[in-house]
Amino acid sequence: MYQKLMDIYDRMYKHFGPRHWWPADTPFEVVVGAILTQSVAWRNVEQAIKNLKQAGLLDLVAIAHAELDELARLIRPTRYYNMKARKLQAFCRHVLENYDGSLERLFAKDLWPLREELLGIYGIGEETADSILLYAAEKPIFVVDAYTKRIFSRLGMVDADIKYGQLQRFFMDHIPPDVMLYNEYHAQIDAVGNNYCAAKKPSCGECPLRPLCGFASAV
DNA sequence: CTCCTGGATA
DNA sequence: TATCCCGGAG
């Protein structure tokens, strides 16, 4: 299975090249982006982060003490801005109160205890937690998302209604825990999902995984 | 399951 | 106008 998963990886990488994920200047910016991108296109997140930066609010302590209305106004492009303002503040206050505002101290924890702690913070579910763990804390955990499930179920490798944890275990059982590899693998999956493997009208003709995909053959 | 509730694209 | 986008809480 390792060979097959790496064959898929190689085909994607040759097609798209390096994706340079996560697009952020600092680990804290990764966290902010991970929360803001929930169910929203990344281009909307870029505008919101720009707004926060200009307002001097792309900062853990500043967000912890900010007014929710002001936060919401700045992140408006990311939709669900009232909920996300609460989520950003919940994370920042957690780190401020328990780690003296230091992300490094939070990230010093071991992978799985840290994951459980992140999941306990309001607004952080499995995908957001794993994105923070891999792309900000640089822990070797495989990030799974809707694209991953759709692509690998269409490839015929997993069940269409597989749960998040099961799909994550599928990858981590077969691919050695390497931060750089997990980083690039998920980024490549996103590129396939974003450009070709759409839910309704997939563009199978140009997909680098077409030769391996039973779904593409049927389209 | 519903709610949350912007912006680019075609 | 319809659709989709790097989900999570209640």
Side-chain angles (χ1 to χ4, degrees), chain A residues 9 12-13 16 18-25 27-52 68-94 115-139 141-154 161-168 171 179 181-204 206-207:
Chain A
Y9 175 79
M12 294 191 292
Y13 191 88
F16 294 108
R19 306 305 299 162
H20 307 295
W21 271 34
W22 186 287
D25 294 335
F28 181 68
E29 200 174 310
V30 174
V31 174
V32 172
I35 291 172
L36 293 184
T37 196
Q38 291 171 0
S39 198
V40 165
W42 181 254
R43 53 178 173 270
N44 297 42
V45 178
E46 292 182 311
Q47 184 58 50
I49 287 180
K50 190 180 303 177
N51 293 344
L52 288 172
L68 283 179
D69 287 345
E70 183 185 11
L71 266 182
R73 179 171 53 79
L74 294 168
I75 65 173
R76 192 156 168 268
T78 65
R79 210 174 179 202
Y80 315 128
Y81 39 83
N82 290 314
M83 305 291 289
K84 288 177 177 176
R86 285 179 57 201
K87 294 178 180 183
L88 287 178
Q89 194 165 72
F91 176 86
C92 292
R93 288 186 171 178
H94 179 88
R115 187 176 195 269
E116 286 308 305
E117 182 168 342
L118 291 174
L119 290 174
I121 300 173
Y122 175 80
I124 299 185
E126 292 190 289
E127 185 181 338
T128 305
D130 291 336
S131 294
I132 292 170
L133 287 166
L134 179 63
Y135 293 104
E138 299 186 3
K139 308 282 187 183
I141 191 162
F142 202 94
V143 178
V144 164
D145 62 359
Y147 289 147
T148 313
K149 184 185 298 187
R150 184 157 67 227
I151 292 167
F152 283 82
S153 65
R154 283 179 174 174
D161 59 357
I162 189 171
K163 300 302 178 187
Y164 186 100
Q166 294 178 303
L167 185 53
Q168 180 174 62
F171 287 100
V179 173
L181 179 57
Y182 282 11
N183 178 321
E184 193 63 44
Y185 207 127
H186 178 255
Q188 293 295 333
I189 288 173
D190 178 85
V192 172
N194 224 328
N195 293 291
Y196 303 117
C197 204
K200 287 192 174 180
K201 297 179 179 176
S203 309
C204 301
E206 310 300 318
C207 182

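These numbers come from a predicted model, not from an experiment. Quick note on labels: first sequence line is chain A, next is B, and so on, each numbered from 1.
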Is it the case that the side chain of A:Lys84 and the backbone of A:Thr78 share a donor-acceptor pair, with hydrogens and angles ignored and the cut-off at 3.5 Å? yes
Separation of B:dG7 C1' from A:Asn51 CG (nearest whole Å): 13 Å
Sugar-phosphate, base or nothing in reach of A:Gln47, heavy atoms under 4.0 Å: nothing
Would you mind reading off the distance between A:Asn82 atom CG and B:dG6 atom C1', rounded to a whole angstrom? 13 Å
Please determine which of A:Leu119, A:Val144, A:Val143 meets the side chain to side chain contact (heavy atoms under 4.5 Å, CB included) test together with A:Asp130. A:Val143
What is the separation between atom CD on A:Glu46 and atom C1' on B:dG6, rounded to the nearest whole Å? 15 Å
A:Asn194 or A:Leu119, whichever maps to the more 5' nucleotide of DNA chain C: A:Asn194
When we call it a touch if two heavy atoms are under 4.0 Å apart, what does A:Ile124 touch: a base, just sugar-phosphate, or nothing? sugar-phosphate
Base, sugar-phosphate, or nothing: which does A:Lys84 touch, judged by heavy atoms less than 4.0 Å apart? nothing
B:dG6 P sits how many Å from A:Arg79 CZ, rounded? 7 Å
A:Gln38 CD to B:dG7 P, in whole Å, measures 18 Å
Checking only heavy atoms, does the side chain of A:Asn44 share a donor-acceptor pair with the base of B:dG7 at less than 3.5 Å? no
Given atom CZ of A:Arg76 and atom P of B:dC4, what is their separation to the nearest angstrom? 16 Å
Contact interval (first through last nucleotide) of DNA chain C with protein chain A, 4.0 Å heavy-atom: C:dC4 to C:dG10
Close side-chain approach of A:Leu118 and A:Phe91, heavy atoms under 4.5 Å: yes
Looking only at atom C1', what distance separates C:dT3 and B:dT5, rounded to whole Å? 15 Å
Which whole-number value in Å describes the distance from A:Trp42 CH2 to B:dG7 P? 17 Å
Measuring only the C1' atom in each nucleotide, how far is C:dC5 from B:dC4? A whole number of Å is fine. 15 Å
Without placing hydrogens or testing angles, list every side-chain donor-acceptor pair under 3.5 Å for residues 182-192 of chain A, not counting sequence neighbours.
residue  : atom : partner  : partner atom : Å
A:Tyr182 : OH   : A:Ile175 : O            : 2.7
A:Asn183 : ND2  : A:Trp21  : O            : 3.1
A:Glu184 : OE2  : A:Arg19  : N            : 3.0
A:Glu184 : OE2  : A:Gln188 : NE2          : 2.8
A:Tyr185 : OH   : A:Leu5   : O            : 2.7
A:His186 : ND1  : A:Tyr135 : OH           : 3.4
A:His186 : NE2  : A:Asp145 : OD2          : 3.4
A:Gln188 : NE2  : A:Gly17  : O            : 2.8

Can you tell me, in whole Å, how much space there is between the P of C:dC6 and that of B:dA10? 15 Å
Whole angstroms only, please: what is the NZ-P distance between A:Lys87 and B:dC3? 16 Å
Please confirm whether the backbone N or O of A:Ala34 pairs with a side-chain atom of A:Thr37, one donor and one acceptor, at under 3.5 Å? no
Do A:Arg150 and A:Pro202 make a side-chain contact, defined as non-hydrogen atoms from C-beta onward lying under 4.5 Å apart? no
Can you check side chain to side chain contact (heavy atoms under 4.5 Å, CB included) on A:Leu68 and A:Asn82, steps first, answer last? CA-CA 8 Å; A:Leu68 283 179; A:Asn82 290 314; over 6 Å; no
